[in-house]
There are 2 protein chains.
Amino acid sequence: MARISAPHTIDQVAAPSCCGSLTDAALTTAQAESLAHAFAALADPVRLRLLSLIATSAGGEVCACDVVEPLGKSQPTVSHHLKVLREAGLVTADKRGIWMWYRAVPERIAELRGALA
Amino acid sequence: MARISAPHTIDQVAAPSCCGSLTDAALTTAQAESLAHAFAALADPVRLRLLSLIATSAGGEVCACDVVEPLGKSQPTVSHHLKVLREAGLVTADKRGIWMWYRAVPERIAELRGALA
DNA sequence: CTACGATATCGACATCGGTCAATATACATC
DNA sequence: GATGTATATTGACCGATGTCGATATCGTAG
């Protein structure tokens, strides 16, 4: 399931009717639902801090074990938020040994940015 | 368009050119809460369609009476969503006669776009 | 195989949020 | 004034969501 991103192929993120833009044309119901689900992932302060921690980390990835403490939330809660970010396509997870390493998905963030054009 | 800011206007959630960016530096708790509140306004399909209807309308503004039917929701529900968009600073309201005219706030949308940089 | 540490899942709780019917408020017209 | 229309507010319902403790799963080390 984990797919290595190819630079030339056209992305096909899980979203069926991808995105659209607010100022382009009136959104269809399907586009609106897809976008709303994505923005909902950003509608929580813990997830925003989590995503910024991942996106700004040196090396571009962080171990889950390193984000629990700075967030001040319990380990299950952080795990839950990481799952939400993963399901929204904003981060990817990579298990190496005991640890889970998370990376941001800049293309997905750019998609949402494009929706606000 | 050149509107003199009236002291009794409804908008709030000041949010100057602050907010921060996901990829810039790790967000503070305050920044994350402010951003989360803003993104929460976009985390609903009805509000996204509503905002796109307003943003793409000819003349840049729409009467509230014209959006109830295309959204397929009750008038109180649409009024509620318009209030949320207003409180998030994404739209402004202008009462002329019986009708309320809503306009998008592109600077505010750009602010959120900047947070996804 | 057993034990331990890291992460995910489960169950329960409290709160938040979208929705509508009913009602209130504001404005224009008569 | 009274009446009709457009919009906002209220109150209630109910599903969604953030949170944590307890527990399960996975991978490594001994």
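Order of the sequence lines sets the chain letters (A, B, ...), proteins ahead of strands, with each chain counted from 1. Computation of the quantities below employed the complete heavy-atom set of this structure, encompassing side-chain atoms and omitting hydrogens, waters and symmetry-equivalent molecules. Because the structure is a prediction, the values reported are computed rather than measured.
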Is the backbone of B/Asp24 close enough, under 3.5 Å, to the side chain of A/Thr56 for a donor and an acceptor to pair up by distance?
no
Is A/Thr23 reaching over with its side chain to a backbone N or O of B/Ala55, donor-acceptor style, under 3.5 angstrom?
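Flag not set: sc A/Thr23 to bb B/Ala55 has no pair under 3.5 Å.
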Protein-nucleotides 25-30 of chain D N/O pairs closer than 3.5 Å?
none

Can you tell me if A/Lys73 touches the phosphate of D/dG18, counting only side-chain N or O atoms and a distance under 4.0 Å to OP1 or OP2?
no
Do any side-chain nitrogens or oxygens of A/Thr77 fall under 4.0 Å of OP1 or OP2 in D/dC20?
yes
Nearest-angstrom distance from the residue atom CG of B/Asp94 to P of D/dA6
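Interatomic distance, CG of B/Asp94 to P of D/dA6: 18 Å.
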Starting at atom CG of A/Leu85, determine the distance to atom P of D/dG18, rounded to an integer number of angstrom.
10 Å
State, with a plain yes or no, whether a side-chain heavy atom of [X] is found less than 4.5 Å away from one of [Y].
{"X": "A/Leu82", "Y": "A/Ile54", "value": "yes"}
{"X": "A/Val68", "Y": "A/Lys73", "value": "no"}
{"X": "B/Leu116", "Y": "B/Leu22", "value": "yes"}
{"X": "A/Asp66", "Y": "A/Leu53", "value": "no"}

Walking DNA chain D from its 5' end, the first of B/Trp99 and A/Gln75 to be reached, judged by nearest nucleotide, is B/Trp99
For DNA chain C, what residues of residues 39-48 of chain A have any heavy atom nearer than 4.0 Å?
none
Using a cut-off of strictly less than 4.0 Å between a heavy atom of the residue and any atom of DNA chain C, enumerate the qualifying residues of residues 52-68 of chain A by number.
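Here the set is A/Cys63, A/Ala64, A/Cys65.
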Report which part of the nucleic acid A/His81 touches: base, sugar-phosphate, or nothing (heavy-atom distance under 4.0 Å, all strands).
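If one applies the 4.0 Å heavy-atom cut-off, A/His81 turns out to touch the sugar-phosphate alone, with no base involved.
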So CZ of A/Phe39 and CG of B/Leu48: to nearest 0.5 Å the spacing works out to 6.5 Å
Filtered N/O pairs between nucleotides 12-14 of chain D and protein, under 3.5 Å:
none

First contact, last contact: which nucleotides of DNA chain C are these for chain A, 5' to 3', heavy-atom distance under 4.0 Å?
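First and last nucleotides in contact are C/dA6 to C/dT9.
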Residues 84-106 of chain A side chain polar contacts: donor-acceptor under 3.5 Å, at least two apart:
unit_1  : atom_1 : unit_2  : atom_2 : d
A/Asp94 : OD2    : A/Arg96 : NH1    : 2.6
A/Arg96 : NH2    : A/Glu61 : OE2    : 2.8

